[in-house]
Structures are given as C-alpha cells and as structure tokens.
> 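Here it is, the structure, as structure tokens.
When reading the values below, keep in mind they use all heavy atoms of this one structure, side chains included, and skip hydrogens, waters and symmetry mates. For clarity, every value in this text was computed on a predicted model and none was experimentally measured.
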Amino acid sequence: MSDKRVRTRFAPSPTGFLHIGGVRTALYAQLLAKKHGGIFLLRVEDTDQARMVPGAVENLCRTLQQLNITPDEGVWLDENGAVTERGEHGPYTQSKRQAIHQKYAQELVAMDKAYPCFCTAERLEELRQTQEITKRPTGYDGHCRNLDKQEVQNRIANGEKHVIRLKLPKEGSVTINDVIRGDVIFDWKLIDDQVIIKSDGMATYHLASMADDHDMAITHVIRGEEWLSSAPKHVFIYEAFGWELPVFAHLPLILNQDKSKLSKRQGDVAAEDYLQKGYLPPALINFLALLGWNPSGEREIYSHDELAELFNLEKINKAGAVFNLEKLNWLNNHYLRLLPDEEYLALINPHLPAAEQDLEFKNRIALLFRERLILPSEISVWSEFFFADKLDYSAVKLNWKDHSTNEAIERLKAAKTWIAELTEEQEHDAGAIETIIKDKIQTQGWGNGDTLWPLRVALSGAEKSPSPFELIATYGPKRSLARIDEALAFLLK
RNA sequence: GGCCCGUUCGUCUAGGGGCUAGGACGUCACCCUCUCACGGUGAAAACAGGGGUUCAAUUCCCCUACGGGCUACCA
C-alpha cells in the first residue's frame, strides 16, 4: 500500500433500524481508519426510494453515535440532533448524487461498457419463468446488448422507458483480491449484465456505491460477505474508468444459534434494542469486535481505543460467527462493575421505585446487587423486598433446618438488641456488622446457621438473598428492626 | 439447480507439519459460606469424513459431506 491516507466508510441504506451486523461492519471500518490516523465516513445509500423509512437516517446516526462510532466525515447528527453533512467530498447522501451517477453511466455507455435496455418488466418476468421451467440458469439474455445505435437514440428520443445495463465480458475470468479471503476467481460468462441505472433514473448499488467510493477517495471497502458475488461488477466499473482499486474486505456473517444468517425471528438484531435494554456501549463494542476478529492471545477485555490500536484486516476470520448472547451478558456484567459509582447509580436509579424518597437507601440497594446484574433493569426484581410495605413469610421457613421456632424467636430478639447498639459509623458498614454479630453469636454459644438464617430470612422474606450483614447495612437500623418485628409478629401469631 | 465462500470444545476463538491442541462464555464439581451471587480451584468438552504429500499432518493439496452467501430496475 502507498502511504496515502486511509479512508473507510460505512454505507447503510436507511430502511429501518441499524442491524447489529451493520454495527460490526461500521466498527471495523472505524477501527481501521483510527489505527492509521485516517478518516471514517458515513454515507447514506438511499437510491431505493421504495424502501425508504422516515426517520431512519436520524436513528442510524444516533445509534452509531451512542456507540462511539461517530463518523469523522459525511452524514452525522449535529448538537441539536439534526441530520447534517460535513466534508469536502459531499454530498454524502446518494439520492443527492443522481446527476453524478447519470454522468458516469453515460460515460460507460460512450465507452461501450454499458448500454441502454428497453426490456419491459413483463418480458423479463417471462424470460425468467422460461429459464426456470427449462432448468436453465436465470439471468438477462442480452436482448438489448447490441441494438443499433441510431435505433437506441430514436427510442430514447421518443421517451421510451429504459434502464442502463453493464456490458460485461462474455468470456474469460476475473480475480478478486480480498484481504480476508485471498484471490477469488469468477467466470465472466456466469455474471449478468447488471442494471446500473433504473428506469426512474436512480442508480443501483453497483454504480452508485463504486462511483461514490471513488469520488470519496475510499481506500478500503469493508462490507458484508453477501457482496462478494457482485464484486466482479464492481471491479469492472473501477477498471472501465481506470481508477485505482480499493482494498476489498468481505466480512463473515453474524449468525443465529442455528447458524443461519442473524435474523429478527431469533432475537434482537436492532442495535438500538440492545442499547435500550441497558447493554453498555463498551460491552457491545468489545463483544462485536471479537465476533469474527481476534488480535491473538488470551485477553477478553479491550477498550475501544485498544481495539483501534490492535486492529488489522488480516486477522479477520473467514467463517461466520454465532451471536453468543451469554458472552455478551457476561461482558455487560463486567463493564457494569467497572463503571464509576456515580455513573452506575445514575443507570440504576430509574429502575428503583420513584415513590421511595430516601436516595441514600436507594443507592445502597443499587450498590448491593451490583455484581449480580447483567442489565440495570434487573435491579427491580432483586430489590423488590426492600421496598415492600410488608413481607410475606408464609412461603419461607424462618427457622434453621430442624431447629425450633422458639429458637428462631430467641435469636431474632437477640439480634434486635445487637442492631440497636450499633453506632452511627457502624450502621451502614456490613463488614463491621459482621464482626460484631459473629462475636455476639459466639459469646452466646450459638451457631452461625441457626442465628443468621432466621435473621436473614426475617430481613428479606426470601430463601435466597445477600447476607444479613449486608441487609442490615443497607436497610439501616430502623428499617431492620421493623422487619424483624414483622417476622416476630408472624411467628408469635 | 448454477456460481462463490466456509468447517478447531455447545458457543466465541488461539495455534499451526512434531504441542498433554491453549484461553474465554456456558455447564458440572469442590472450596469459601447462614442462603444466593461474587471470588478461588478443578473437571467434562474440539481439529467434519476420506484420500494424498511427508519420516511426521489438526496444520499443505484434492475429493466428499455439511453449513452459508449470491443468483432483482433491494441494498
């Protein structure tokens, strides 16, 4: 490679949500640009008017920016959240480049590398059906490939509807050099004369994307594997114009559990859904980066910056990768635990009852369950008993194993006096509380189990919960004593 | 059907002509322990199959099987 500046791009079409696979494609493009001090740009491919979804561009940009995959150039969201463009190579929205695409198409026609085609949709449909019935490969039969020039001019002058097709070689082969897959050879005779300008005047992907990649000085075309089969057409266009080819990298697909292409049916594929559920951007980035690429070694955790430093196209895997939600969950828990307390608390607070006014109490609860959470929203289930007016003890056993109820009552009464004696410094210190209570238990000659179990169940109303020391520290003495009284009342009833 | 791509534990992967094939998630066991979670220790778990090449193939080549992508006036 020459030392020219690396320029990569992510070029989605605004047909709805941002697919999680698209996020990875965008991420790799950004990572490569970052690594080489280059430019990562966002271009919107909206040449198919029929599939346009209102608001999709904003949504796309917002999701990308939330994930810190903000483009250096091209389409982006300004401070007010409005869609704008920046950069010298614009416009970056393909529908605004129609005239440019038209000009390139005419040049191709002039060079005899493309031709107008007047075939109707009906004729094409008939052709396909005949081919299918006779079990021949489907494809355009070249009906308009060699029309008389004068006839073509007349028909166009008469306003006859037409498209422009590529005039591909009929023999020989073409070799695509892909950084990930090496040389891939295709026979020209098997490749269709692809439509590059539709009858509505809009270019198709094949022309639009190549023309724009060239005009925007893209050095590395990073895209999904589904494009590999059409790469010959793209190389043909580049070579027809004598343009220097970009580096091609066709990424392996992200798959469902059953190895089919990741689809909506089998889980969430929209990046925004993950964000909304509470998956953290660094966790998502870490996870996606390692889905199909690995810098070698045994590390699992990488920051966005570290990824940019280590990234390289050559180490991308060839095989598709199953989207492993379990691992994403593990990563999210990991990143949740790494968050500064302030940020963590801000994330959790919305999931705690708004009616509870004691913010300190709520914060202690949030911190208590931190290592158990995969998603912030899960706090509401874990912490439910803290906010309940009354606990229901009927479903749990307050006495330890085969110990008696009277024994449980005795231990709970003792615990009340211990809690009442806690100093202000001790009352929210689980460690100190543990030392004190264990010491008291020992002086009494009691056992940890027969004392701590009733105490913990009295405080939580549940068989499974954090330790009684943590519960006391989280509740504070007043609420702790009230809970124990509730349990006592239940036992003495 | 045709063309193209792929195949290391269940999953993500490391490795690469000679290794006890390594790590992570998940699973299981044990430890810690009043329960759960965390943490610690350990276990089960893979080179798709068949031919070559080679002193030696999981690694290189070929074939088969299986999986996937493409086969639009969609991207």
> Provide the distance between the two C1' atoms, one in B/rC9 and one in B/rG23, to the nearest whole Å.
12 Å

> Is A/Arg155 positioned over the aromatic face of A/Phe118, cation under 6.0 angstrom from the ring centre and no more than 45 degrees off axis?
yes

> Check every strand shown and say whether A/Lys135 touches a base, only sugar-phosphate, or nothing at a heavy-atom separation below 4.0 Å.
nothing

> Report the residue (A/Ser467 or A/Leu291) whose heavy-atom-nearest nucleotide on RNA chain B is the more 5′ of the two.
A/Leu291

> Residues two or more places apart in sequence or in another chain: which of them pass side-chain hydrogen bond (donor to acceptor under 3.5 Å, both in side chains) with A/Ser394?
A/Asp392

> Just to be sure I understand the rule, does A/Tyr140 reach a base, reach only the sugar-phosphate, or reach nothing, if contact means heavy atoms closer than 4.0 Å?
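Nothing: the residue A/Tyr140, judged by heavy atoms under 4.0 Å, touches no strand.
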
> Under the 3.5 Å rule, do the base of B/rC38 and the side chain of A/Arg372 count as making a donor-acceptor pair?
no

> Just jot down the side-chain contact (heavy atoms from CB on, under 4.5 Å) partners of A/His334, sequence neighbours excluded, or say none.
A/Ile301, A/Leu338

> For a quick check of understanding: with a heavy-atom distance under 4.0 Å over all strands, which category does A/Gly292 fall into, base, sugar-phosphate or nothing?
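Here A/Gly292 touches the backbone only, sparing every base.
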
> Would you say the base of B/rC34 and the side-chain of A/Arg456 have a donor-acceptor pair closer than 3.5 Å?
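It does, because a donor-acceptor pair links the side chain of A/Arg456 to the base of B/rC34 below 3.5 Å.
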
> For A/Tyr335, which residues count as a ring-ring contact (aromatic ring centres under 6.0 Å, His included) partner, sequence neighbours excluded?
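Here no residue qualifies.
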
> Please encode protein proximity along nucleotides 66-75 of chain B as a string of B, S and -, counting only heavy-atom distances under 4.0 Å.
-SSBSSSBBB

> Quick check: on RNA chain B, is the nucleotide nearest A/Glu371 upstream (toward 5') of the one nearest A/Arg24, or the reverse? Name the residue that is more 5'.
A/Arg24

> For A/Val179, which residues count as a side-chain contact (heavy atoms from CB on, under 4.5 Å) partner, sequence neighbours excluded?
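side-chain contact (heavy atoms from CB on, under 4.5 Å) list for A/Val179, sorted by chain: A/Val247, A/Ala249, A/Leu313, A/Glu314.
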
> Taking side-chain contact (heavy atoms from CB on, under 4.5 Å) as the definition, give me every residue that meets it alongside A/Lys318, ordered by chain and number, with sequence neighbours left out.
A/Ile180, A/Arg181

> Considering every strand and a 4.0 Å limit on heavy-atom distances, what is the contact class for A/Pro252: base, sugar-phosphate, or nothing?
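Here A/Pro252 touches no strand at all.
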
> Is there any ring pair (Phe, Tyr, Trp, His ring centres under 6.0 Å) pair reaching into residues 125-145 of chain A, and which pairs are they, with sequence neighbours excluded?
none

> For a quick check of understanding: with a heavy-atom distance under 4.0 Å over all strands, which category does A/Pro454 fall into, base, sugar-phosphate or nothing?
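It contacts nothing in the nucleic acid.
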
> Can a side-chain donor-acceptor contact be found between A/Asn448 and A/Trp453 if the only test is distance below 3.5 angstrom?
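No.
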
> Starting from C1' on B/rU11, measure out to CG on A/Asn256 and report it in whole angstrom.
13 Å

> Quick one: is A/Ser296 getting a side-chain N or O under 4.0 Å of the B/rG15 phosphate, OP1 or OP2?
yes

> Set out, line by line, the N/O atom pairs under 3.5 Å between protein and nucleotides 18-25 of chain B.
| residue | atom | partner | partner atom | Å |
| --- | --- | --- | --- | --- |
| B/rG22 | O2' | A/Glu298 | OE2 | 2.5 |
| B/rG23 | O4' | A/Glu298 | OE2 | 3.3 |
| B/rG23 | O2' | A/Glu298 | O | 3.4 |
| B/rG23 | N2 | A/Glu300 | OE2 | 3.4 |
| B/rA24 | O4' | A/Glu300 | OE2 | 2.8 |
| B/rA24 | O2' | A/Lys327 | NZ | 3.3 |
| B/rA24 | N3 | A/Lys327 | NZ | 3.0 |
| B/rC25 | OP1 | A/Trp330 | NE1 | 3.4 |
| B/rC25 | O2' | A/Glu326 | O | 3.4 |
| B/rC25 | O2' | A/Lys327 | N | 3.3 |

> Which residue, A/Arg223, A/Glu226, A/Glu225, forms the side chain to side chain donor-acceptor pair (under 3.5 Å) with A/His250?
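The passing option is A/Arg223.
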
> In residues 392-418 of chain A, what residues come within less than 4.0 Å of RNA chain B, judged by heavy atoms?
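Listed by number, they are A/Trp400.
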
> Got a list of side-chain donor-acceptor pairs under 3.5 Å for residues 10-20 of chain A, not counting sequence neighbours?
| residue | atom | partner | partner atom | Å |
| --- | --- | --- | --- | --- |
| A/His19 | ND1 | A/Gly21 | N | 2.8 |

> How long is the line joining CD1 of A/Ile316 and P of B/rC12, in whole Å?
16 Å

> Residues in ring-ring contact (aromatic ring centres under 6.0 Å, His included) with A/Tyr393, at least two apart?
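Here the qualifying residues are A/Phe490.
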
> Using a 4.0 Å heavy-atom cut-off, does A/Arg181 contact any base of the nucleic acid, only the sugar-phosphate backbone, or nothing at all?
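The answer is sugar-phosphate, as A/Arg181 gets under 4.0 Å only of primed atoms, P, OP1 or OP2.
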
> Nearest 0.5 Å, what's the CD1-CZ distance between A/Ile222 and A/Phe40?
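A/Ile222 CD1 to A/Phe40 CZ: 9.0 Å, rounded to 0.5 Å.
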
> Classify A/Arg370 by what it touches in the nucleic acid, base, sugar-phosphate, or nothing, heavy-atom distance under 4.0 Å.
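Answer is nothing: A/Arg370 stays at 4.0 Å or more from every strand.
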
> Classify the nucleic acid contact of A/Phe323 as base, sugar-phosphate or nothing, counting any heavy atom under 4.0 Å across all strands shown.
nothing

> When the distance from CD1 of A/Ile180 to C1' of B/rC4 is rounded to whole Å, what number comes out?
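Taking CD1 of A/Ile180 and C1' of B/rC4, I get 15 Å after rounding.
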
> The side chain of A/Asn317 is closest to which nucleotide in this list: B/rC5, B/rU35, B/rU13?
B/rU13

> Just jot down the side-chain contact (heavy atoms from CB on, under 4.5 Å) partners of A/Ile436, sequence neighbours excluded, or say none.
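Once residues adjacent in sequence are excluded, the partners of A/Ile436 under the side-chain contact (heavy atoms from CB on, under 4.5 Å) criterion are A/Leu422, A/Gln426, A/Lys440.
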
